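Okay, so here's the structure we're looking at.
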Amino acid sequence: MKIVFMGTPDFAVPSIKALYDAGHDIQAVFCQPDKPKGRGYKLVPPPVKVFALDKDIPIYQPKSLKNGGEEFIKVIEDLAPDCIVVAAYGKILPKAVLDIPRLGCVNVHGSLLPKYRGAGPIQWAVLNDEKTTGITTMLMGEGLDTGDMLLKCETEIGENETAAELFDRLADMGAELIVETLDKLEKGEISPVPQNEEEATYAPMLTKDLSPIDFTKSARAVHKQICGLSDWPCASTTIGGKRIKVYRSEIVAGSTTKAAGTVVNVKDLTIACGDGMVKLTEIQAEGSKRMATADYLRGKPVAEGTVLGE
RNA sequence: CGCGGGGUAGAGCAGCUUGGUAGCUCGUCGGGCUCAUAACCCGGAGGUCACAGGUUCAAAUCCUGUUCCCGCAA
C-alpha cells in the first residue's frame, strides 16, 4: 500500500518502522522542522526524520500545511497515497489533505477514545490513576481527535509504571495496531464507529506548573503525580531549599502522625503525606543526574525531621 | 558562541578559597559478636584525583588548552 507517514517524536517511530517492515511503500515522511534543543541550542532532527534518513525515505518538514503549505499539499496529491498515517505529528491537517487518500487519513492515538483527546493522553491517564488505557486508531476528521474510531487495544497501567514506560509500551502497541488497521481497512473489514461526544475528555500538553508536589494530598495522588510526570516535566520538591526532581516512587503501607512532607525514614526517603506515605525511589538533584535514592543519600544524607518542600 | 554545575576507590560525595602524605558514607574481602540480621565491632584490598601543558622546592588544589557528562532554558 502506498503510504505517506506523518509523525514527529519517539512515539511515532515504532509505527513507521512496523509499516516499513510490513512491506508498505512509504512514499514520504512529514515531520516537524528541526528544532533548537539541548545545550547550545543545537538543531536536532526529530526521531521520525532520523528513521526516514536511515531508510532513504523523502522527508518534508513544512512549517504549516495551511498557510503557505500549498506546495506540500501538491506533493501529497502527486504521490497519490492510498492512505496517510498520522502518529503524533503535532499539526492539524487541513481538509484539503484529509481528502486526498483513497482510504482516508488514519491516526494512531494513545488513549481509549473518546477519553483523553489531545496532546497528553498517556500522561493524563497515569495522573488520573486510570486502571487501564490503550491505543485507538481512527479516521481523522477536522476536529482534534474527533474522527470515527477503527480499532482499539487496551492495556493495564502498572501500579508503579511511569508515563515514560507506558509511553514506550503504547508506542509498540500502536505500531501493531496501525498495521492491523490498514490491513483490515483495505479489506473493508472495519466499520468506523463515531465517538460518543458525551464521554469525550481533553488531555492537554503537560506543563511545569504541574510539577510541585503537595504532600498534603494522599499518598496515592502524590505517587501518581510522580509517575505521570516522569520523565517530563517531572514532579518536584525541595530538600533543604534545593530543588529535586522525583522520577519514581512507591506507596508505603501504614500510617504516620508526622506532618505532611516530613521525612519519616531518612534511610530510604519515606515521606509523610496527607494520607499515607510514599517512598521516593529515584530522584535528581540540581546540576546532577538522576539516580537511585540510595545512591543520592550516600553523598547527601538527609537529617532526621527534614521537611520537604520548604 | 543562551545560562550554569561537574569529572577524586565499584557507587554517591567531601577536600580546592588559605598548595605540603587521599578523606567520608556505602559496597566489597577477611575476622569477631549474636539464636539471628540490610544490626554492631575490628581489620584489609581498591585511586596515574578526566586528559595535556604551565607556575612551584612541592599541585586534586593556582593558570592555560582539550575532552566527556549533567542541570536550567527552549
Side-chain angles (χ1 to χ4, degrees), chain A residues 7-13 30-50 59 61-64 88-92 118-124 160 162-165 167-168 203-214 225-254 256 262-272 277-310:
Chain A
T8 301
D10 291 315
F11 181 78
V13 173
F30 278 67
C31 62
Q32 299 267 21
D34 295 8
K35 282 188 178 162
K37 258 179 101 174
R39 262 159 257 121
Y41 287 104
K42 273 173 286 191
L43 225 48
V44 175
V48 166
K49 179 179 178 180
V50 174
I59 299 160
Q61 297 175 280
K63 278 209 182 86
S64 170
Y89 177 44
K91 290 191 186 305
I92 303 286
I122 300 170
Q123 297 90 327
W124 279 104
N160 294 322
T162 65
E165 291 167 330
F167 197 90
D168 289 343
M205 195 135 39
L206 301 184
T207 69
K208 287 186 193 158
D209 298 340
L210 302 167
S211 291
I213 298 173
D214 177 2
Q225 178 186 358
I226 290 166
C227 291
L229 297 182
S230 183
D231 305 340
W232 194 91
C234 260
S236 69
T237 184
T238 60
I239 294 181
K242 298 217 171 156
R243 219 152 65 83
I244 61 164
K245 296 207 285 192
V246 184
Y247 284 90
R248 282 177 193 283
S249 60
E250 289 170 21
I251 292 175
V252 176
T256 176
T262 306
V263 178
V264 177
N265 185 341
V266 297
K267 291 278 173 64
D268 64 5
L269 227 48
T270 297
I271 315 298
M277 300 176 284
V278 289
K279 180 164 68 177
L280 310 184
T281 55
E282 188 175 352
I283 63 181
Q284 173 179 58
E286 280 182 79
S288 180
K289 59 186 173 187
R290 59 191 281 188
M291 63 183 77
T293 299
D295 286 340
Y296 172 87
L297 292 173
R298 252 172 242 133
K300 301 202 155 96
V302 174
E304 205 80 44
T306 299
V307 178
L308 301 194
E310 291 192 329

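A note on names: the letters A, B, ... follow the listed sequences, proteins ahead of strands, and every chain is numbered from 1. Side chains are part of it too, since the values below use all heavy atoms of this structure and drop only hydrogens, waters and symmetry mates. Not measured: the values here are computed from a predicted model.
When rounded to the nearest whole Å, the span between CG of A/Leu43 and C1' of B/G2 equals 15 Å. In this entry the distance linking CZ of A/Arg290 with P of B/C69 reads 17 Å, nearest Å. Atom-to-atom, CD of A/Glu282 to P of B/G12 comes out at 13 Å; the value is rounded to the nearest Å. Straight-line distance from the NZ atom of A/Lys242 to the P atom of B/C13: 12 Å, rounded to whole Å. One atom, CZ of A/Arg243, and another, C1' of B/C70, lie 14 Å apart when rounded to the nearest Å.
Side-chain contact between A/Thr162 and A/Arg248: present, with at least one pair of heavy atoms (C-beta onward) separated by less than 4.5 Å. Residues A/Leu269 and A/Ile283 form a side-chain contact, since some pair of their non-hydrogen atoms from C-beta on lies under 4.5 Å apart. A/Arg290 has its side chain out of reach of A/Lys245: every pair of non-hydrogen atoms, C-beta onward, lies at least 4.5 Å apart. With contacts defined as side-chain heavy-atom distances shorter than 4.5 Å, the pair A/Ile226/A/Leu280 qualifies. A/Pro46 has its side chain within reach of A/Gln61: a pair of non-hydrogen atoms, C-beta onward, lies under 4.5 Å apart. Using a 4.5 Å cut-off on side-chain heavy atoms (C-beta onward), A/Tyr247 and A/Met291 make no contact. Using a 4.5 Å heavy-atom cutoff, the side chains of A/Val48 and A/Thr8 are not in contact.
Checking the phosphate oxygens (OP1, OP2) of B/G71, a side-chain nitrogen or oxygen of A/Gln284 falls inside 4.0 Å. For B/C69, the OP1/OP2 oxygens have no side-chain nitrogen or oxygen of A/Ser288 closer than 4.0 Å.
Counting non-hydrogen atoms under 4.0 angstrom, A/Lys35 reaches nothing in the nucleic acid.
Here, B/A22 and B/G46 have their C1' atoms 13 Å apart, quoted to the whole Å. With P as the reference atom, B/C62 and B/G7 are 12 Å apart, rounded to whole Å. Here, B/G47 and B/A11 have their C1' atoms 14 Å apart, quoted to the whole Å. When the P atom is compared between B/C26 and B/U64, the two are found 38 Å apart, to the nearest whole Å. For the C1' atoms, the distance from B/A73 to B/G12 is 27 Å, rounded to whole Å. Rounded to whole Å, the C1' atom of B/C51 lies 36 Å from the corresponding atom of B/G43. B/C63 and B/G23 have their P atoms separated by 25 Å, given to the nearest Å. On the C1' atoms, B/C3 is 31 Å away from B/A59, given to the nearest whole Å.
With B/A14, B/A74, B/C72 as the candidates, the nucleotide lying closest to the side chain of A/Lys300 is B/A14. The side chain of A/Lys289 sits closest to B/C70 out of B/C70, B/G71, B/C13. Considering only side-chain atoms of A/Lys37, the nucleotide from B/G71, B/A74, B/C70 that sits closest is B/A74. Distance from the side chain of A/Lys208 is smallest for B/A73 among the nucleotides B/A73, B/A74, B/G12.
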Identify all pairs in which a protein N or O lies below 3.5 Å from an N or O of nucleotides 22-29 of chain B, and state each distance.
{"residue": "B/C26", "atom": "O2'", "partner": "A/Arg298", "partner atom": "NE", "Å": "3.3"}

Pairs: protein N or O with nucleotides 3-6 of chain B N or O, under 3.5 Å:
none

(Q) Walk me through whether A/Val264 and A/Ile271 qualify under side-chain contact (heavy atoms from CB on, under 4.5 Å). (A) CA-CA 5 Å; A/Val264 177; A/Ile271 315 298; over 6 Å; no
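Residues passing the side chain to side chain contact (heavy atoms under 4.5 Å, CB included) test with A/Asp268, sequence neighbours excluded: A/Asn265, A/Thr270, A/Lys279. Residues forming a ring pair (Phe, Tyr, Trp, His ring centres under 6.0 Å) with A/Phe167 (at least two apart in sequence, or on another chain): A/Phe11.
Counting only distance, with no hydrogens or angles, the side chain of A/Gln225 and the backbone of A/Leu210 share a donor-acceptor pair below 3.5 Å.
Once rounded to the nearest 0.5 Å, the distance linking CD of A/Glu165 with OG of A/Ser230 reads 7.5 Å.
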May I have the list of side-chain donor-acceptor pairs in residues 294-301 of chain A shorter than 3.5 Å, sequence neighbours left out?
{"residue": "A/Asp295", "atom": "OD1", "partner": "A/Arg298", "partner atom": "NH1", "Å": "2.5"}

Q: Go ahead and write out RNA chain B as dot-bracket, 5' to 3': ( ) for pairs within the strand, [ ] for ones crossing earlier pairs, | when the partner sits on another strand, dots for unpaired; Watson-Crick or G-U wobble, both distances under 3.5 Å.
A: .(((((((.[[[[.)....(..]]]].(((((.......))))).....[[[[[..)....]]]]]))))))..
